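For reference, positions follow the sequence shown, starting with 1. Fair warning: this is a prediction, and the values are worked out from it, not measured in the lab.
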Amino acid sequence: MHKFLGCGLGLRSPYYQDILTQRPSVDFFEIISEDYMVDGGNPLYYLDKVRENYPIVMHGVSMSIAGTDPLNQDYLQKLKTLIQRVQPKWISDHCCWTGVDGKNMHDLLPVPYTKEAINHIASRIQLVQEFLGQQIAIENVSSYVNYKSSEYTEWEFLAELSKKTDCLLLLDINNVYVNSFNHNFDPLDFIAGIPVERVQQFHLAGHTNKGDVILDTHDAAIIGPVWKLFEVALKRFGKVSTLIERDDKFPPFSELLDELALVRKYVAA
C-alpha cells in the first residue's frame with residue numbers, strides 16, 4: 001500500500017480558478033482519468049498547474065474491467081501515457097462493466113458475484129496491472145439490481161478478487177451505505193468483511209434518496225449515517241487517504257472546504 005496522503009477533493013473544472021488562486025489546504029486531488037486522456041487543451045493545462053502544488057491520484061470510469069469485450073488497448077495506452085505525464089500516487093477504476101459490443105453505456109454496471117466472475121475479472125485485472133506495471137485499486141460501485149446467480153456477498157466477492165489479483169481496493173463508504181439500503185443488508189457487515197491490508201483509499205459523497213431507492217448522484221452533502229459508517233471504517237482500517245466526490249450541483253468552493261475540514265476531524269479523532 002502507498003502512504004497516507006491525507007484528505008482530498010475531486011479535481012473538477014468549476015473549481016479550477018479557486019484552486020489556482022486560493023492554493024487551498026487540500027492534501028491531494030483526484031482526477032477522472034478520462035477527462036484528461038486528450039492531446040492538449042484546457043484540462044491538461046489546469047491539471048499541470050494543479051500538479052505543481054498537489055499530489056494527484058487517478059480514478060477511471062471506463063476501463064470496464066468486468067466487461068466481456070476484449071480490453072480496449074487504445075484506452076489502456078492512453079491511460080498509460082497519462083500516468084507517465086501525471087505520475088499519480090496510485091490509479092483506480094471500478095468493479096463493473098460499462099458496455100458491450102464496443103458501446104459505452106456511460107454507467108457503472110454491477111456484476112454477478114460468482115466464482116466465474118471472479119476468475120474472469122481477475123484475469124483482466126492481472127493483464128491491466130502487467131501492462132501498466134503497477135497495482136491498481138478497484139472500487140465497489142453503487143447498484144440498483146441484484147443477480148439471482150450470485151454466490152457471494154459483495155464484500156466477500158471484493159475480498160476474494162483482491163487476494164487473487166494482489167490489487168488494492170478503493171472503498172466507497174457512500175456506496176456501501178447506498179447498497180445496504182437498496183439491497184437490505186447491514187453496512188457494518190460490509191466494512192467488517194473487507195481485508196484491512198487491501199484498502200488504499202476511501203470515497204465519501206452525497207446521494208439522492210427517492211424513498212424506495214437511493215441514487216448515487218454525488219450532488220449533495222454527505223449525510224449523517226454515511227459519516228457514522230466512515231467513523232466505523234476508520235476504526236477498522238486506520239488512517240486511509242479519504243476523498244470527497246462532488247460531480248453535480250457544485251456548491252461554493254468554501255462549502256466544500258468546510259466539508260473537507262469535517263473529514264479531517266474524523267480522521268484525526
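- Hydrophobic clustering, with ILVMFWY side chains joined whenever heavy atoms are under 4.5 angstrom apart, keeps I244 apart from V61.
- In this structure, V240 and Q200 have side chains that are not in contact, with every pair of non-hydrogen atoms separated by 4.5 Å or more.
- With contacts defined as side-chain heavy-atom distances shorter than 4.5 Å, the pair N179/W155 does not qualify.
- Side-chain atoms of Q129 never come within 3.5 Å of backbone atoms of Q126 as a donor-acceptor pair (strictly under, hydrogens ignored).
- Listed by first and then second residue, the ring-ring contact (aromatic ring centres under 6.0 Å, His included) pairs involving residues 48-75 are F29-Y54, H59-H94, H59-H203 (not counting sequence neighbours).
- Contacts of Q17 classified as side-chain hydrogen bond (donor to acceptor under 3.5 Å, both in side chains), with partners at least two apart in sequence or in another chain: Y46.
- Panel note: side chain E139, backbone G60; no donor-acceptor pair is recorded below 3.5 Å.
- L132 places a side-chain heavy atom less than 4.5 Å from the side chain of I83.
- Applying the salt bridge (charged side-chain N to carboxylate O under 4.0 Å, His left out) test to pairs two or more places apart or on separate chains, none has a residue in residues 235-245.
- One distance of note links CD1 of I118 with OG of S123; it measures 12.0 Å at 0.5 Å rounding.
- Considering only residues two or more places apart in sequence or on other chains, K249 meets the salt bridge (charged side-chain N to carboxylate O under 4.0 Å, His left out) condition with D219.
- By the 4.5 Å heavy-atom criterion applied to side chains, P195 and S162 are counted as neighbours.
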Can I get a per-line list of side-chain donor-acceptor pairs under 3.5 Å for residues 222-231, giving both atom names and the distance, sequence neighbours left out?
| unit_1 | atom_1 | unit_2 | atom_2 | d |
| --- | --- | --- | --- | --- |
| W227 | NE1 | I222 | O | 3.4 |

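- Screening residues 124-134 for salt bridge (charged side-chain N to carboxylate O under 4.0 Å, His left out), with sequence neighbours left out, gives no hits.
- Taking the six-membered ring wherever Trp is involved, the centroid distance between the rings of Y152 and Y113 does not fall below 6.0 Å.
- In this structure, V57 shares a hydrophobic cluster with L5, F28, W90, L243, the cluster being traced through Ile, Leu, Val, Met, Phe, Trp and Tyr side chains under 4.5 angstrom apart.
- Considering only heavy atoms from C-beta on, Y144 stays 4.5 Å or farther from I214 through its side chain.
- The two residues T114 and S150 have their closest heavy-atom pair at CG2-CA, 4.1 Å.
- With rounding to the nearest 0.5 angstrom, the OG atom of S62 is 12.5 Å from the CD1 atom of I65.
- A side chain to side chain contact (heavy atoms under 4.5 Å, CB included) with L11 is found for exactly one of V26, D35, I32, I31, namely I31.
- Rounded to the nearest 0.5 angstrom, S142 OG and N174 CG are separated by 8.0 Å.
- Atom OH of Y147 has more than 12 neighbouring heavy atoms from other residues, nucleotides or ligands inside a 6.0 Å radius.
- Once rounded to the nearest 0.5 Å, the distance linking SG of C96 with CG of L109 reads 6.5 Å.
- Residues P112 and K148 are not in side-chain contact: their nearest non-hydrogen atoms beyond the backbone lie 4.5 Å or more apart.
- When all heavy atoms of S143 and N182 are compared, the pair lying nearest together is O-ND2, 3.2 Å.
- By the 6.0 Å contact criterion, CD on Q87 is enclosed, its count of non-hydrogen atoms from other residues, nucleotides or ligands being greater than 12.
- I173 and V196 fall within a single hydrophobic cluster, where Ile, Leu, Val, Met, Phe, Trp and Tyr are joined by side-chain heavy atoms under 4.5 Å apart, directly or via other members.
- Residues forming a salt bridge (charged side-chain N to carboxylate O under 4.0 Å, His left out) with K78 (at least two apart in sequence, or on another chain): D74.
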Might you work through the side chain to side chain contact (heavy atoms under 4.5 Å, CB included) test for V267 and F4, ending with a clear yes or no?
-> CA-CA 11 Å; V267 171; F4 173 65; 3.7 Å; yes
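- Taken together through direct or relayed side-chain contacts under 4.5 Å among Ile, Leu, Val, Met, Phe, Trp and Tyr, L47 and I19 form part of one hydrophobic cluster.
- Here the side chains of L204 and T242 are in contact, with some heavy-atom distance below 4.5 Å.
- Taking the six-membered ring where the residue is Trp, F250 and Y15 present perpendicular rings, their angle passing 60° and hence far from 30°.
- Residues F253 and P24 approach most closely at CE2-CG, 3.7 Å, considering heavy atoms.
- The salt bridge (charged side-chain N to carboxylate O under 4.0 Å, His left out) check on D186 picks up nothing, with sequence neighbours excluded.
- Connection of F237 to Y177 is established within a shared hydrophobic cluster, with ILVMFWY side chains joined at heavy-atom distances below 4.5 Å, either directly or through further cluster members.
- Cluster partners of V145, using a side-chain heavy-atom cutoff of under 4.5 Å among ILVMFWY residues and allowing indirect links: none.
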Could you walk me through whether L79 and S33 pass the side chain to side chain contact (heavy atoms under 4.5 Å, CB included) check?
-> CA-CA 7 Å; L79 182 63; S33 302; 3.9 Å; yes
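- Looking only at side-chain heavy atoms (C-beta outward), L171 and L158 stay at 4.5 Å or farther from each other.
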I91 vs Q135, side chain to side chain contact (heavy atoms under 4.5 Å, CB included): CA-CA, chis, key distance, verdict = CA-CA 8 Å; I91 61 171; Q135 283 176 302; over 6 Å; no
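- Considering OG1 of T217 and CG of D248, their distance stands at 8.0 Å, rounded to 0.5 Å.
- Distance check, rounded to the nearest 0.5 Å: OH of Y36 to CG of N42 gives 10.5 Å.
- Counted by atom type alone, E154 and N140 present zero donor-acceptor pairs between their side chains at under 3.5 Å.
- I136 and F202 fall within the same hydrophobic cluster, defined by Ile, Leu, Val, Met, Phe, Trp and Tyr side-chain heavy atoms under 4.5 Å apart, directly or through other members.
- The two residues V111 and W97 have their closest heavy-atom pair at CG1-CD1, 4.0 Å.
- For residues 6-30, every residue pair satisfying the salt bridge (charged side-chain N to carboxylate O under 4.0 Å, His left out) rule, not counting sequence neighbours, is listed here: R12-D247, D27-R264.
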Where do V128 and M63 land on the side chain to side chain contact (heavy atoms under 4.5 Å, CB included) test, with the steps shown first?
-> CA-CA 9 Å; V128 169; M63 190 179 289; 3.9 Å; yes
Before giving the answer on side-chain hydrogen bond (donor to acceptor under 3.5 Å, both in side chains), spell out for N209 and H207 the whole-Å C-alpha distance, their side-chain angles and the decisive distance to 0.1 Å.
-> CA-CA 7 Å; N209 192 325; H207 55 248; 5.4 Å; no
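- M58 and P88 get closest at one heavy-atom pair: SD-CG, 3.5 Å.
- Formation of a donor-acceptor pair under 3.5 Å by the K80 side chain with backbone atoms of F131 is found in this model.
- Between A122 and L161, the closest heavy-atom pair is N-CD1, 3.7 Å.
- Applying the salt bridge (charged side-chain N to carboxylate O under 4.0 Å, His left out) test to residues at least two apart or on different chains, the pairs with a partner in residues 163-174 are D166-R198.
- R51 places a side-chain N or O within donor-acceptor distance of the main-chain N or O of V86, the cut-off being under 3.5 Å.
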